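What follows is a short report on a single structure.
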Amino acid sequence: MASLLCPTSATVQQNHRVLCFSPLKSISQVNHLSLTKRHKNTTARCNAFDLLQQSLSQFPVVKSEFESATGELNEVQKWGFIVFAGLTWIYLTARPGVLVGAIDAYLLAPLQLGLDSLIGRRSLKRSDFLVGDKLGEGSFGIVYSGVIVPKNASLEDRLPKRGKAKKALVDDDRFKEKVILKKVKVGVQGAEECGDYEEWFNYRLSRAAPETCAEFLGSFVADQTNSQFVKGGKWLVWKFEGDRTLADYMKDRSFPLNIESVMFGRVLQGVESVKRNALIIKQILRQIITSLKKIHDTGIVHRDVKPANIVVTKRGQIKLIDFGAATDLRIGKNYVPNRGLLDPDYCPPELYVLPEETPSPPPEPIAALLSPILWQLNSPDLFDMYSAGIVLLQMAIPSLRSPAYLKNFNSEIKAVQYDLNKWRDRTRLRPDFTILDLESGRGWDLATKLISERGSLRRGRLSAAAALRHPYFLLGGDQAAAVLSKFGF
């Protein structure tokens, strides 16, 4: 009977019970036993935890301390994470800006390249421009005025004969878009490298601080040699915003009154001449230092701040030019520890933007990550602030606008270890301090805090941000005078 009920199995009778062994049933039973075993283990653990809770419940003090310790641990972990995230954010956003720099390098720069390529800025040609008068010359380049040739111009217009270019700049109404062109000198050691750096910095600042410099249009390489072009030579192009530098205005004996209507829109009225001079100078210096603050915030140090590198636009805006000597200390661009590109008349006593023992920069991502530490330890931006102090003295003291007097000043200030107060007591130049002594000597006090040596911790000179908070700029008299002057009396 058993074999009929279970034909594939063997029947065993033991203790009056019939056991039927089937291959399928045996596998099912094994799985069931395995699940049962796991359930028992889980139940055992749950029972152990319940037993722990029951045991703790018999000791209220121990239970309370156990729960408190667990809660405190979670709270400490939460606050630890918040503090870590906060410190990381502060570090990444501290000057010169690791986070902002990464966004610029990996997002904004490629985007700018794409947009410039679409509108043709990255494909400029020699025939796109007519070159006019020479405006100035430096060690590595020559600056010219020029115009953009319209697209519908004839071949003759694009390749004019000698003398016709200047006539087009003046007489031809089609040539309306003025530009400034800079020819990078060919065959001069360091000129090509300097031109490449200047191009890079102009693109960088056009994204990070466009209001500090002239609008950069791009560059081209000459495809042939003629009177002005050398085949293979690089040219840089800017939108025309003014062709007169602060140095040009300072050469005139009537400075600063010759720049008054440019800076304020009209001649100041109801203000005596000395105070007018002081207000104009203050307005110029405020813009210079504001521009320096903005470029320093991006990690860039100009390293060649002087009147010849400060353009005054027709709207009275101050623009910094000539970034061939600049360095981007966020990534170590154009930085060599033992090399300095400087003008000795405006250079601070430390000579180098960073200590000479500073090693060469590592690869850019690592340099960027370490840059806040480097900046905090060395304050490289103070290099430019000394130069700004010299510009202030030149604007306020007429005799220092002479190159010979400026060299004598540098010799004397070095002899008194860059203490401006000692220089004032001992100088033989007989300078006129009237403008700096106005308003209880606030202008002179600012000058002493810019023209000074730096201590062992590389401090001892005002940064651009600190200079803008100086009482010299906080009186507001210059702004009030500017507003009042716009109302005719």
Side-chain angles (χ1 to χ4, degrees), residues 116 119-151 153 155-172 174-188 190-206 210 212-248 304 308-314 317 319-326:
D116 285 352
I119 63 178
R121 280 191 175 183
R122 301 295 174 118
S123 58
L124 300 178
K125 303 182 296 298
R126 175 186 60 85
S127 57
D128 292 334
F129 305 96
L130 293 181
V131 180
D133 293 327
K134 176 180 174 180
L135 300 178
E137 182 173 356
S139 301
F140 299 135
I142 305 173
V143 179
Y144 298 90
S145 62
V147 292
I148 297 176
V149 178
K151 293 182 179 180
L155 180 62
E156 184 182 359
D157 288 329
R158 291 182 177 275
L159 301 172
K161 296 179 181 179
R162 182 177 298 181
K164 191 173 181 179
K166 294 182 179 180
K167 185 175 185 301
L169 290 174
V170 178
D171 301 333
D172 199 325
R174 293 176 301 165
F175 299 89
K176 295 180 179 179
E177 294 187 65
K178 294 183 178 181
V179 293
I180 298 294
L181 301 104
K182 182 175 184 178
K183 178 171 70 174
V184 178
K185 291 183 177 180
V186 177
V188 177
E192 183 178 354
E193 182 184 26
C194 185
D196 291 340
Y197 282 132
E198 184 163 11
E199 180 178 15
W200 189 90
F201 279 105
N202 274 276
Y203 277 127
R204 170 89 171 89
L205 287 170
S206 68
T212 64
C213 57
E215 183 179 345
F216 187 60
L217 299 181
S219 66
F220 65 90
V221 175
D223 57 356
Q224 69 178 39
T225 300
N226 58 27
S227 58
Q228 292 173 322
F229 298 96
V230 176
K231 186 175 182 179
K234 174 176 276 191
W235 288 69
L236 308 177
V237 188
W238 291 266
K239 181 180 178 181
F240 178 84
E241 296 187 61
D243 55 6
R244 297 193 68 184
T245 66
L246 183 59
D248 294 328
D304 198 16
N309 288 337
I310 299 170
V311 167
V312 183
T313 73
K314 292 183 176 181
Q317 296 173 308
K319 302 278 188 176
L320 296 172
I321 61 171
D322 199 349
F323 284 86

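It should be emphasised that the depicted structure is a prediction, and the values quoted were computed from it without experimental measurement.
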Just by distance, do the side chain of [X] and the backbone of [Y] share a donor-acceptor pair under 3.5 Å?
X      : Y      : answer
Asp196 : Glu193 : no
Lys125 : Asp223 : no
Asn202 : Glu199 : no

Please give me the minimum heavy-atom distance between [X] and [Y], naming the atom from each residue.
X      : Y      : result
Leu205 : Cys213 : CB-SG, 3.8 Å
Ala214 : Trp238 : O-CD1, 3.7 Å
Trp235 : Gln228 : CZ2-O, 3.5 Å
Ala191 : Val184 : O-CG1, 3.3 Å
Gly324 : Cys194 : CA-SG, 3.4 Å
Leu181 : Leu130 : CD1-O, 4.5 Å

Problem set entry | Geometric class of the Phe323/Phe201 ring pair [parallel <30°, tilted 30-60°, perpendicular >60°] | parallel

Seminar exercise, completed: Residues at least two apart in sequence or cross-chain that pass side chain to side chain donor-acceptor pair (under 3.5 Å) with Gln317, listed by chain then number, are none

Seminar exercise, completed: Contacts of Asn226 meeting side chain to side chain donor-acceptor pair (under 3.5 Å) (sequence neighbours excluded), chain-then-number -> none

Separation between [atom1] of [X] and [atom2] of [Y], rounded to the nearest 0.5 Å:
X      : Y      : atom1 : atom2 : value
Glu198 : Ile321 : CD    : CD1   : 8.5 Å
Thr245 : Asp322 : OG1   : CG    : 11.5 Å
Asp116 : Phe216 : CG    : CZ    : 9.5 Å
Arg126 : Gln224 : CZ    : CD    : 4.0 Å
Tyr203 : Arg122 : OH    : CZ    : 3.5 Å
Phe129 : Leu124 : CZ    : CG    : 4.5 Å

For this session: For Glu192, look at atom CD and say whether over 12 heavy atoms of other residues, nucleotides or ligands are found less than 6.0 Å away.
Result: no

Validation: residues 134-144 side-chain donor-acceptor distances under 3.5 Å, sequence neighbours left out:
residue, atom, partner, partner atom, Å
Lys134, NZ, Glu137, OE1, 2.6
Glu137, OE2, Lys185, NZ, 2.8

For this session: Show your reasoning for whether side-chain contact (heavy atoms from CB on, under 4.5 Å) applies to Lys231 and Thr225.
Result: CA-CA 5 Å; Lys231 186 175 182 179; Thr225 300; 3.4 Å; yes

